[in-house]
Amino acid sequence: MNLRKSLIERDPVAILAPVVAVALALVVGAGILLALGKDPMEAYGSMLKGAFGDANRLNNTITRAIPLLLVAIGICISFRGGVINIGAEGQLFIGAVAVTAFSVTVGGSLPAILAVPLALLVGFSAGAAWGAIPGYLKAYFDVNEILSTVMMNQIATQMLLLLLSGPLIDPREIQLGTRIPQSAQLPESVWLGRLAPPSRLHTGVFIALLAAVVVYLLLWRTPLGYRVRAVGQNKDAARYAGISVPLYMVLSLTLSGGLAGLAGTVEVMGVTRRMVEGFAVGYGFSGIVVALFGRLHPLGAIPSAFFFGALLTGAEQMQRTIQVPSATMIALQGLVVIFVVSSDVWVRRRAVRRAARLGSESPAVELSMETVAAEAK
Amino acid sequence: MMPPTTTLPSGHTRIETAALQGISKRFPGVLANDHVNFDVNAGEIHALLGENGAGKSTLMKILYGLYQPDEGEITLNGEVARFHSPADSLTAGIGMIHQHFMLVPTLTVTENVALGIRSGGPLLNLKQVRKRLIALSDAYGLKIDPDVYVWQLSVGEQQRVEIVKALYQGGALIILDEPTAVLTPQEVDELFVTLRQMRDEGHSLIFISHKLYEVQDLSDRITVMRDGRVVDTIANHGVEQRTLARMMVGRDVQFQPDRPPVTVGEVKLAVRSLCAQNDRDLLALKEVSLEIRAGEVLGIAGVSGNGQRELAECIAGLRPATGGEVILNGHSILSLSVQERLQSGLSFVPEERNRHGTIGSFSVAENAILQNNDAPQFLNGPFYNFEAIRRYTVDLIQKFNIKTPGHETLLKNLSGGNVQKLILARELSRQPVLLIAAQPTRGVDIGASEYIRGVLMQQRSSGVAILLISEDLDEIMALSDRIAVMYEGEVVGVVDRDDADVETLGLMMAGAQRA
Amino acid sequence: QDGPFRVAIVMPSSTTDISWSQSIYQGLLDVQEAMGGESAMEIAFTEGMFDVAAAAETLRGYAEDGYDLIIAHGTQYGTSLFDIAPDFPDTSFAWGTATDTGAEQGLSNIFAYEASAEEGGYVNGVMAALMTKNNIIGVVGPVQAGDALLYINGFIQGVKATNPDAELLVAYTGSFSDVAAGTDVANTHIAAGADVLTGTSQMVVGAIEAIQTEGGYWFGTQFDQSPQWPDAVVASQVYNWAPTLADMITRIQSGELGGVAYTLTLENEGQTFVFGNVAIPANVLAAAGEAAAGILSGDIEVARELPQ
Amino acid sequence: MESSRTLLDILIAASGLTLAAATPFLFAALGELFAQRSGVLNLGVEGIMLMGAFTSVFVISDKGFNAHPAVGLLVAMLVGALMGLMMAFVSVTLQAEQGISGIGLTLFGQGMSTLLFRVLAAGVIVAGGVEKIDLPVLSNLPVLGSIFFHQDILTYAAFALVPISVWVLNRTTWGLQVRAVGQNPQAADSMGVNVARVRYSAVILGGVLAGVAGASLSMALTGVFQENMTAGRGFIAVALVYFGGWSPWKVMAGALLFSAANNLQIWVQVLDVRVAGAAIPPNLLIMLPYVLTIVVLIFARERQRREPAALTKPFERGEN
Ligand SMILES: Nc1ncnc2c1ncn2[C@@H]1O[C@H](COP(=O)(O)OP(=O)(O)OP(=O)(O)O)[C@@H](O)[C@H]1O
Ligand SMILES: Nc1ncnc2c1ncn2[C@@H]1O[C@H](COP(=O)(O)OP(=O)(O)OP(=O)(O)O)[C@@H](O)[C@H]1O
Ligand SMILES: [Mg+2]
Ligand SMILES: [Mg+2]
C-alpha cells in the first residue's frame, strides 16, 4: 500500500518515550540500589553487560525472548479477539508436558525430521485444547474468562506436579528412589538444534519469528483475522455481519492457548530438554506484558520480547556480580512496566496535539488493516 | 448594571442573558467553531440549526463546560463566566440534554437524578429526591416511574428523565441537543408543551434539531450554522422552511423525493404469524404477517418499542423466532444462519448504526466489507487484496458522496450522516432482494436525508423490496407504498399510502383504532 | 594458586528459607570459617532461581568468571549443568540432590550429592510417636516427590515401628513455598486432633506457628527451626553439608574435579539432630538414640518407598 | 481413635477454618469490587497484599518495633493506600492500560516486600498472631458458637464489611457515584460528578483493603511472614469479584465456596479418603477448589450481566 505515513512524518519523541521511561525507572531503581549500599552505575553496567556484553550473552538474551514472544503472539490474538486470556501460564505448562509425554514415549522411535514437527504439533494442540476450555465456557456458558483462566493456571500447575511425580517421572528417579519430580531427558530426535554454542540459542527462534509473521498475516490479511478482530471490537456488529461470535471467541482462545503451548514446547525442546519442576515459571505473565508493550501487534511483540529478554538476563548478571537480592530486580521490572505504560498516554496526547497542529486527520490510535499493511512494507 | 433577578419555579435564579462571544474551537483537522457569537435570553427558545458537523454540539459543549474554547468567552448576565467542567455550569444554572443521553442504565430513575445533586451530604436521601421528582414531573406533565431502571425505559421515557433531571438540578438555561431525533410524533408534541411551559416561566432554552418544521413551530429566534460559522440569526416570524434549508445547505433542498410510478413484481418477502420475544423475554411479536413485493416500499409506522426492532431482527436472523414463518424470495429462511440469509439477498440498515452497523475502530474500508469479508473479489489466494478493497471502497465513497478524509480513516471519526451513507452504500452494493431500512435518517441532516431518501426511491424503481421502519411519519408518508402500523407487537392495520392520513395513523399507533 | 578458593552457588529459594537453601549456605559459611575466613574462601551466591533457564545462564556466568567450585543446588539444574560442564573442564561443579556425576557421558568435573532424608525422618518419627498425647500425628507435605517424600516416608516408618496405634494424618499443599497453604493444612490436622506435626520445605513456617499457638510439638527437617519457635520445635533433623563440602574442596585442591557422589547420612554425619528448648523425656531421647544406632548398624532398614 | 471424630465435629471444625481462611480473600475481593465498580481493574492486588503482609508483621514483631497489632494493621492500610494511590495515578490520571500497570504494581510489590524483608528482617518473621476472640454469649451457642463466634477480630471485620459494602454502594452519595462512574463516566461527568476523584477514592479504598487482606494473611491467619507468601491469592481475589458478579454478597459466597472447597480437599487428604481402595493423588485434590469455582459458574449463570460497562476504560472528557 502507499507509504503515506512515512517514517519522516513520525514523531521521534514518540519512539524515544519508552526509552526515557525506562531510564526514569532506572533512576528510581538507582535510589533503591544506593539505599542497599550498591553502586548503581556498576549495577546497571553489569546489567547491560549481562544482556548484551558479548555474542554469547546476546544469544542468551534472544533465547530468553523466544518463549516470551510466542506467548505474546498468542495474547495478541486473544486480546484482539476481545478475550482476556490470563491463562498463558497454564497453557504453556500443558503444552510442555504434552510434548514431553509424546517425546519420551514415541518421539524417540521417530527420525528427527518427523519427530520435531510432530512434537511441535502436539505441544501446540495441547496448549490449544487447554485454551479452548475457557473459550468454550465463555462462549457457551458465559463464564468469565479472567476467572476461568486464573483458575486453570492453578489446575495446570497441579497437573504438572501430578504428572511429573507420577506417570512422567524419570524412571531413573524411581530406580534411585530419589523421586525428584522431573521427566526423563527428551530423546535427541526431538531436540531443537543449538545455533551458537555455548549459548543455548536454538532453532526455536525461527519458529517464534515465523509465528509472529504468520499471526500478523492471519490477523490483518485474512478473513479469519478480520473476523477475530471484528468480534473483539464490536460483538453486535459482528453478529449482524453473520460472523459466529461464540465460534470466534473459542477460536481466539484456542489459537492463543496453542501459541502459549508452543512456547512451552519450544522451551522444553530447545533449552531444558526435559520437564522439571519450576519450568518456565512466570513466562505466561511476562508474555502478557510483552504483548501489551508490543501494542498487541505480533510484529511489535518482537522488539518487546527482546527488551524483556534483555531485562531478565541483565537482571541475573546484576544479581550475580554485585550480589543484590534478586527481589531488587523484580521491583525494578515492576517500575519499568509502570513507567513505560504511563509514557504511552503522554505519547498519544502529543500525537493528537501534533495532528491538530499539522492539520491532518486525527491519528489512528488503534491499528487498522491498511495502516498496518502500509507499515509492514 | 445587574438586571433584576427572579426565581424560577424550579428554584433557580433566571439567567437573563447568556452569551457566547467570538468562540473558536479547533479539533484535529477541523475548525469546529470559528468566531461564533450566540446568545439566549430568559423566556426565549433559541433554535440552532445546521448540517451534521456544522459545530452545533461543539458550541453547546463549550457553554456546558465540557470543552474549553480556544478563543472567545462566555458571559452570563453580562459577567464573564469560566466553566472548567459541567460542575461549574450546573452551579451557574445551566443544564444540558445531550444528543446521546447521559443516563446510567443500571441505576434507577431516582438514582440518576440523585447523582446530579452536589449538596446532599454523604448519605443519600432517595426518598426525598423521589418526592420532589414526582412533584416536578407532575408539574410539567412528564410521566415517569421513579423506581424503574433506566435500561428498562424506552428512549422517549429516557428523554423525559433527562428533562426532569435538568429541571431538578435547577437549570435556568437548558440546552437540548437534538431532543426529538428519537421521539415519536406524540412524544414530540408532549415535549413541546413542556418546553413552552418552561419558556413561559422564564427559562432560557436552546433547541437543536434537524427538523425544520419543529424549529419553525417552537422557536422564537433561529441561528443557522454552517462549517463552524454562524450564517445568520433571525427572528422566527413566518420564516419559510425553504429559506432555512437554503441557509443551512447553501442550495435549494428538495423535501419530497421523486416517486416515479413502479409496477410491483412478485412477493419477495412474506412474513406469516411471526412470534418472538424481546430482550426481557416478553412476547414482543404476536403473530405478525406481512408481504412485500418487488419494487414496493412497505413502511412500518409505530411508536418505538412496539415490536419494530424485533421484527427487523427476526427477519435478519439476529433474534430467534418463537413461531411463524419468514419466506424470502420463495424460500423459508427462519432456519438459516445470518450468513446464509445475507447470501440469499437480504440487506439490513440497522437502527443503531454505531452498535450494530459498523465497527468504530475499523477503517472505512474495513467497514465496507463487513459482510463480504471473505468474498473472492477481495482476496488474493488466502490473503486480502488491499488494492481491490481500496478500489471498491473509494468507489462507494464517490458514488454515495460520503464525506471522509479517506478510506483508511477510522469509522468513528465520521459524522453520523456519513456513517449512515456508508452503511447504505454497503448494503445496496450487495444487490439485495430485500432491504430492511430501520430509521435510515434519524439524526441525519437534511442534505444527507434528502440524498438517502432519493437512493431508497432509486432502489424501489430497480425492483428491490423495501421494508422501511421509521418513527418519522413524514418519512413514512413520503416513501411508502403501503403502511403497516404496529402496536404492542401486532400489526393493527395495513393501509395504502394514498388512503392514509396522519391523523388516523397516529390513532392507530396509539392503539386507539384498527384498520 | 594465590588468592582465596572461590565457590559460587545457585539455589532455588533464599538463603534465609530455614530449609533447603539456608542449610547449604550455612554449610558453606562453616567451611569458610574452618578454612580461615574470607581471605581463604570466597562465596558468591544467587538465590531465588526457580526459573531453570535463568539458573543455567547464571551457572555459566560463574564458570566464565573463573570460580573454582560451582554448586547447582537443585536437581532441576542438572540438564543445564551437563551442558555447561564440558565447556569448562578445569572448573569443578556440584549438584544435588542427585547421584549422577556424568561419568557415563565422560564428564569428570562434576560432584553429585543427595541426602538419605528417610533416615532422619525415621528418627523424627520415632520421637513423634512417643511425644503425642492424642496419638494423632500430622504431616504437612509440599509435593509428593523428591527429598520431601523421602523424609515423610522415613517419618511414617518411624512412627509405625514405634507406636502402631498412632494415627497418621498426611496432607500435601501442592507447593514448596505457599506458607498459607501450609497453615491451612496444619490447622486442619490440629482440628482433626493432631498434637504433633512435622513437615518439610520453606512453606512450613506457617504450620510451625500454628502448632506452637496450639501448644503442640513440631519436628523439623533440613535446618534448625527452634530459634524461631522455641516452644514447639522438639528436634530438627539438620542437613550438615560442611563435611561434604570440605571433602569436595580438598579433592579439588588436589586436582580431583569431580566423579564422586555423596550421600548425607546419619553415619557420615551429613544429618545431625539439633534439639531446642522443649523438655524431652528421657525415654524419647533413648528411643531416638536406639533408632539412630539401629540405622547406623544396619539393624533398622529404612525403605525409601512405602509399601503400597 | 477414628471413633472419637464424628462427622459433626468435622463439619464444625471445617466451617470454622473456612471462615478464617476466607478472610483475606474477602478483604481483597471487596476492595477490588469497589475499584472495579468505579471502572478500574486493579491487577496489583497481589503486590499490595504482599506489602501489607510484610509491613504489618514487621512493625509488630521484635525485629521491627514490637508494636501493637492494631498499629500493624494501620501501617498495612497506609501502605495499601499509598499503592492504591500509585495505581490510581497511573490508571486514572495517566490513563495507562490497566492490565499492564496492575501487573507492574504486582511485580513492584513482590520485589519490594521481599527486598525489605531481606534487608530489614533477614529471615522469617514470627508475629505471634492475633488472638481469637470469643464473642460473649454468642460463642456459647451450640455448634454455631464454635463456628462463627470463635474467630479473630479481622474475620469478624471482614464479614461485617459485606453488608457495610452493600450499604455504602446503595445508600451513600459516594456509593452512587462509584456505580455511576463505573457504568457511564460521561453521564456522571455531565452531571457534575468528578470522575477522577471518585475513581481515585475507590482505587485507594481497594488498596487499603488489599493491605488489610495482606495483614490478615500474615498477622492473623499464619502468624508469620515469608517471601511471596500470598502465592497468587491476590489474583484469586480478583477472580472472585468476577465470580460474584460485582455483588458483595456473592463475592462473599465465592470466597466461602473457594475456602470451603479447599478445606474439604485437605480433609479428604487428612482422613485418607480412598476411592475403591486407592488413595487419591494429592495434586488432584488440590485442584478441587479451582475446578469447583469454575463449575459453579457454569451452573449458576446470571441472566443479567452486571459487569461495570466502563471497566478498564479510562475516562477522558469529550470522547463520546
Ligand atoms: N471531540 C472531537 N474531536 C475531534 N473532532 C471533533 C470532536 N467533536 C467534534 N469534532 C468535529 O467538529 C466538527 C463539529 O462537530 P459537532 O459535533 O459540533 O457538529 P454538530 O453540528 O453537532 O453535528 P450533528 O448535527 O451531527 O450533531 C465536526 O467536524 C466534528 O468532526
Ligand atoms: N472523539 C472524537 N474524535 C473525532 N471526532 C469526533 C469525536 N467525537 C465526536 N466526533 C465527531 O463529532 C461529530 C458529531 O458527533 P456526534 O456525537 O454529535 O454524532 P453525530 O454526527 O450527530 O451522529 P449521531 O447523532 O448519529 O451519533 C461527528 O462528526 C463525530 O464523528
Ligand atoms: Mg451534534
Ligand atoms: Mg447528530
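Order of the sequence lines sets the chain letters (A, B, ...), proteins ahead of strands, with each chain counted from 1.
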Greatest number of heavy atom pairs closer than 4.5 Å to chain A - which of T358(B), N367(B), N385(B), L31(B)
T358(B)
Check this for me, if you would: do R390(B) and E408(B) make a salt bridge, where the nitrogen-to-carboxylate-oxygen distance has to be below 4.0 angstrom?
no
Return the set of residues passing side-chain hydrogen bond (donor to acceptor under 3.5 Å, both in side chains) with S429(B) (not counting sequence neighbours), or none when no residue passes.
Y392(B)
Cation-pi check for F362(B) against R229(A): NZ or CZ below 6.0 Å from the six-membered ring centre and within 45 degrees of the axis, yes or no?
yes
Less than 4.5 Å to any heavy atom of chain A: does that hold for the side chain of L342(B), its backbone, both, or neither?
side chain
For residues 229-255 of chain A, which residue pairs pass the ring pair (Phe, Tyr, Trp, His ring centres under 6.0 Å) check, not counting sequence neighbours?
Y240(A)-F348(B)
What I want to check is whether the side chains of S256(A) and N85(A) have a donor and an acceptor closer together than 3.5 Å.
yes
Residue by residue, which of residues 370-380 of chain B have a heavy atom closer than 4.5 Å to a heavy atom belonging to chain A?
L370(B), Q371(B), N373(B), D374(B), L379(B)
Kindly give the heavy-atom pair with the smallest separation between F383(B) and T222(A), and that separation in Å.
CD2-CG2, 3.7 Å
Sort out for me which of R426(B), E313(B), R341(B), E352(B) touches chain A most, counting heavy-atom pairs under 4.5 Å.
R426(B)
Would you sort out whether N33(B) and S24(B) count as a side chain to side chain donor-acceptor pair (under 3.5 Å), showing the intermediate values?
CA-CA 5 Å; N33(B) 288 160; S24(B) 289; over 6 Å; no
Which one of E340(B), Q343(B), E427(B) has the most heavy-atom pairs closer than 4.5 Å to chain A?
E427(B)
Residues passing the side-chain hydrogen bond (donor to acceptor under 3.5 Å, both in side chains) test with E310(B), sequence neighbours excluded, are none
